[in-house]
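Here is the structure we will look at.
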There are 2 protein chains.
Amino acid sequence: MSRRARIRRLEGPILSSVAGVFSVLSEPTRLQILQLLGEGSLSVSEIVTALEMKQANVSKQLGILSQAGLVGRERDGANVRYSITEPMIFELCDLVCGKLRKDAEARIASLK
Amino acid sequence: MSRRARIRRLEGPILSSVAGVFSVLSEPTRLQILQLLGEGSLSVSEIVTALEMKQANVSKQLGILSQAGLVGRERDGANVRYSITEPMIFELCDLVCGKLRKDAEARIASLK
DNA sequence: TTGACATATTGCTATATGGTGATATGTTCC
DNA sequence: GGAACATATCACCATATAGCAATATGTCAA
């Protein structure tokens with residue numbers, strides 16, 4: 001067995017984990033929630049109001065974000081407050097935004 | 001209309017675009033292909049051999065990567081060579097890997 | 001042109017999941 | 001305890017898509 005084959009095989013589960021994180025970030029709804037939480041911790045109902053989404057859906061998406069370790073959960077009386085635990089996600093988004101901007105500029109330049 | 005509402009509305013399409021890029025990166029198969037291409041440009045059949053995947057599927061995933069502007073296509077006789085056009089994706093993967101490593105270490109520490 | 005090979009596309013199935021209404025669980029206050 | 005509110009979960013539908021076999025398209029060599 002070659003060294004290369006061994007390395008790739010071992011990296012399989014890691015690749016799946018990486019893909020899983022990207023998968024969590026691949027829904028506009030969840031990005032909206034993360035963006036909102038970027039300004040500070042919020043309760044579920046505050047998110048529901050701000051984003052005009054159904055409570056069930058917000059809860060569900062928060063569960064997915066929480067499971068992925070991107071946001072944290074904290075009881076606050078009858079409410080539950082969520083907050084960002086991985087500021088790294090904003091670096092990720094910034095990198096992608098930079099690429100999109102570059103692509104858009106290239107498209108404009110090609111029309112001149 | 002509040003300034004905040006206007007800003008969020010305008011950002012809707014951008015958020016969707018960002019989510020789209022993450023979506024392309026959310027499949028282990030595509031990450032495998034990108035990882036392989038990170039070592040240099042390869043033809044479709046070389047990728048098929050290296051990753052032991054069906055040709056139809058490799059072609060399909062390359063199409064998705066290409067459409068997203070992450071890889072470039074270049075005819076080379078009867079073959080077609082693909083190569084990375086966005087080294088940024090490796091930064092993205094590194095950031096995510098760092099998070100996963102941190103999570104794993106935290107889990108280990110909590111068991112001590 | 002024809003044959004051999006490389007790549008792309010098509011039609012399909014199976015699976016995953018976002019969003020929803022209904023309902024369950026948890027929390028506070030009386 | 002019971003009412004009122006906040007959050008989570010359940011069951012469901014609709015949609016998206018990975019992977020596949022079959023086939024179409026593209027390229028070269030003879």
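Proteins get letters first, then strands, A, B, ... in listed order; numbering begins at 1 in each. None of these values were measured; they are calculated from a predicted model.
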Over how many whole Å does the gap from [X] atom [atom1] to [N] atom [atom2] extend?
X	N	atom1	atom2	result
A:E52	C:dG19	CD	P	15 Å
B:D76	D:dG26	CG	C1'	14 Å
A:F22	D:dT17	CZ	C1'	19 Å
A:Q67	C:dA16	CD	C1'	16 Å
B:Q32	D:dA18	CD	P	14 Å
B:E46	C:dC5	CD	P	17 Å
B:Q61	D:dT17	CD	P	11 Å
B:L42	C:dT7	CG	P	11 Å

Query raised in the report: Between A:L65 and A:L37, is any pair of side-chain heavy atoms under 4.5 Å apart?
Result: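 No; the side chains remain at least 4.5 Å from each other.
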Please tell me if [X] has a side-chain N or O lying less than 4.0 Å from either OP1 or OP2 of [N].
X	N	value
A:T29	C:dG18	no
B:S59	C:dT9	no
A:R75	C:dG26	no
A:S43	D:dA6	no

Query - Touch class at under 4.0 angstrom, heavy-atom based, for B:I64 against every strand present - result: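 Sugar-phosphate only.
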Query raised in the report: Is there a donor and acceptor pair, one atom on the side chain of B:Q55 and one on the base of C:dA8, closer than 3.5 Å?
Result: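 When only heavy-atom distances are counted, B:Q55 does reach the base of C:dA8 through a donor-acceptor pair under 3.5 Å.
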Requested in this report: Compare the minimum distances between each of C:dG26, D:dA21, C:dG18 and the side chain of B:K54, then state the nucleotide with the smallest one.
Outcome: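 Closest nucleotide among those given: D:dA21.
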Requested in this report: Compare the minimum distances between each of D:dA22, C:dG19, D:dA8 and the side chain of A:N57, then state the nucleotide with the smallest one.
Outcome: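 Closest nucleotide among those given: C:dG19.
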Distance check, rounded to the nearest 0.5 Å: [X] atom [atom1] versus [Y] atom [atom2]?
X	Y	atom1	atom2	result
B:R81	B:E74	CZ	CD	7.5 Å
A:Q67	A:R73	CD	CZ	12.5 Å
A:S110	A:E105	OG	CD	12.0 Å
A:Q32	A:E52	CD	CD	10.0 Å
A:L15	B:C93	CG	SG	8.0 Å
B:D76	B:L42	CG	CG	11.5 Å

Report task. For B:A56 and for A:M53, find the nucleotide of DNA chain C with the closest heavy atom, then tell me which residue's nucleotide is more 5'. Result ->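 Comparing both residues, the 5'-ward one is B:A56.
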Query raised in the report: Mapping A:R30 and B:R73 onto DNA chain C by nearest heavy atom, which one lands closer to the 5' end?
Result: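 On the 5' side of the pair lies B:R73.
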Report task. Search all heavy atoms of A:G38 against all heavy atoms of A:F90 and return the closest pair with its distance. Result ->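 Looks like CA-CZ, 3.6 Å.
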Requested in this report: Would you name the heavy atoms of B:Q55 and B:V48 that are closest together and state the gap between them?
Outcome: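 Of all heavy-atom pairs spanning B:Q55 and B:V48, the closest is CA-CG2, 3.7 Å.
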Check the interface with nucleotides 11-14 of chain D: list each N/O to N/O pair with the protein under 3.5 Å, or write none.
none

Report task. Report the C-alpha separation of A:K99 and A:D103 in whole Å, then their side-chain angles, then the decisive distance to 0.1 Å, and conclude whether the salt bridge (Lys or Arg N to Asp or Glu O under 4.0 Å) test is met. Result -> CA-CA 6 Å; A:K99 170 221 178 340; A:D103 289 356; 2.4 Å; yes
Query - Close residues, residues 77-86 of chain B, relative to DNA chain C [heavy-atom separation under 4.0 Å] - result: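 Output list: B:A78, B:N79, B:V80, B:Y82.
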